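Okay, so here's the structure we're looking at.
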Amino acid sequence: MTVKVKINDADGNLLWEFDWEDNTSLSKMAEKNSIDIPVSCGMGACFACACKIISWSEFIGIWKISVPLVDLSVDENGKYKEVLTCVWWIKSEFIKDQDIHEIIIQKMI
Ligand code: FES
């Protein structure tokens, strides 16, 4: 299993692409790859780290390290349209195949 993460700037231009590290939040991975995603509370309470979800693989389970304290938008199917990068990561045990999965998120600012 490989999970590729792509982060776009607010205009939709690709900023960076990297492989997902297990048990690491999106904001921590972005920081390790020198991508500036603002983080304030670090616990899902302020929306500072929010990014738009452009695409998720349907096979990727999302695990929250804490319950977000702000309401996130959902689409008509109940899927999140935004992600709080400080409190979301992927648990690899949800992925049972050997495929390459891709996540694309876009910075809000
Ligand atoms: S930094 Fe506050 S919700 Fe992520």
Side-chain angles (χ1 to χ4, degrees):
M1 172 277 303
T2 300
V3 180
K4 298 277 185 196
V5 179
K6 293 181 179 178
I7 299 180
N8 294 343
D9 66 16
D11 295 324
N13 303 305
L14 179 64
L15 281 177
W16 205 260
E17 178 179 347
F18 50 88
D19 289 346
W20 188 275
E21 292 177 38
D22 203 18
N23 294 320
T24 305
S25 71
L26 273 168
S27 62
K28 287 282 185 213
M29 280 185 290
E31 182 182 344
K32 282 184 178 179
N33 288 281
S34 302
I35 299 169
D36 181 32
I37 294 179
V39 174
S40 182
C41 70
M43 54 185 225
C46 72
F47 210 72
C49 66
C51 287
K52 289 182 194 171
I53 296 171
I54 304 301
S55 72
W56 288 117
S57 165
E58 291 195 14
F59 301 102
I60 295 173
I62 300 171
W63 190 262
K64 295 175 250 183
I65 58 175
S66 64
V67 177
L69 301 175
V70 294
D71 291 330
L72 298 172
S73 302
V74 293
D75 66 16
E76 62 278 0
N77 298 313
K79 291 186 170 185
Y80 286 113
K81 294 166 66 176
E82 299 141 351
V83 60
L84 298 176
T85 60
C86 71
V87 293
W88 291 61
W89 80 80
I90 293 174
K91 300 284 273 184
S92 61
E93 61 263 30
F94 291 125
I95 305 170
K96 304 291 185 207
D97 58 38
Q98 297 301 312
D99 294 343
I100 296 174
H101 300 276
E102 184 176 84
I103 295 170
I104 305 172
I105 61 173
Q106 182 170 317
K107 292 175 62 170
M108 301 282 213
I109 53 174

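What you are looking at is a predicted structure, and each value in this text was computed from that prediction instead of being measured. Excluded from the calculations below are hydrogen atoms, water molecules and symmetry mates; all remaining heavy atoms, backbone and side chain alike, are included.
- Linking Ile, Leu, Val, Met, Phe, Trp and Tyr whenever their side-chain heavy atoms come within less than 4.5 Å leaves V83 and V39 in two separate clusters.
- In this structure, L15 and K107 have side chains that are in contact, with non-hydrogen atoms separated by less than 4.5 Å.
- Taking all atoms of both residues into account, the shortest heavy-atom contact from E21 to K32 is OE1-NZ, 2.8 Å.
- Nearest heavy atoms, A50 versus L84: CB-CD2, 3.9 Å.
- Here M108 contributes atom CE and C51 contributes atom SG; the two are 7.0 Å apart, rounded to the nearest 0.5 Å.
- Side-chain atoms of I109 and P38, non-hydrogen and from C-beta on, do get closer than 4.5 Å to each other.
- Atom CD1 of I104 and atom NZ of K4 lie 13.0 Å apart (nearest 0.5 Å).
- In this structure, I100 places its CD1 atom where only 12 or fewer heavy-atom neighbours from other residues, nucleotides or ligands lie under 6.0 Å away.
- Note that CD of E102 and OG1 of T2 are 12.0 Å apart. Values are rounded to the nearest 0.5 Å.
- Separating the CD1 atom in I105 from the CH2 atom in W88 is a distance of 11.5 Å, to the nearest 0.5 Å.
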Open item on the list: Working note: I37 + I7, criterion side-chain contact (heavy atoms from CB on, under 4.5 Å); need CA distance, chi angles, decisive distance, verdict.
Closed with: CA-CA 10 Å; I37 294 179; I7 299 180; 4.1 Å; yes
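- Taking CD1 of I54 as the reference point, atom NZ of K81 lies at 11.0 Å (rounded to 0.5 Å).
- With contacts defined as side-chain heavy-atom distances shorter than 4.5 Å, the pair D99/H101 qualifies.
- Here the side chains of S25 and C86 are not in contact, with every heavy-atom distance at 4.5 Å or above.
- There is no path of hydrophobic side-chain contacts, each under 4.5 Å, that joins F18 to L14.
- Between the side chain of N13 and the backbone N or O of D9 there is no donor-acceptor pair closer than 3.5 Å.
- Few gaps surround CG on D75; more than 12 heavy atoms of other groups in view lie less than 6.0 Å from it.
- You'll find the side chain of N8 stays beyond 4.5 Å of the side chain of K52, heavy atoms only.
- Once rounded to the nearest 0.5 Å, the distance linking CG of L26 with CH2 of W20 reads 4.0 Å.
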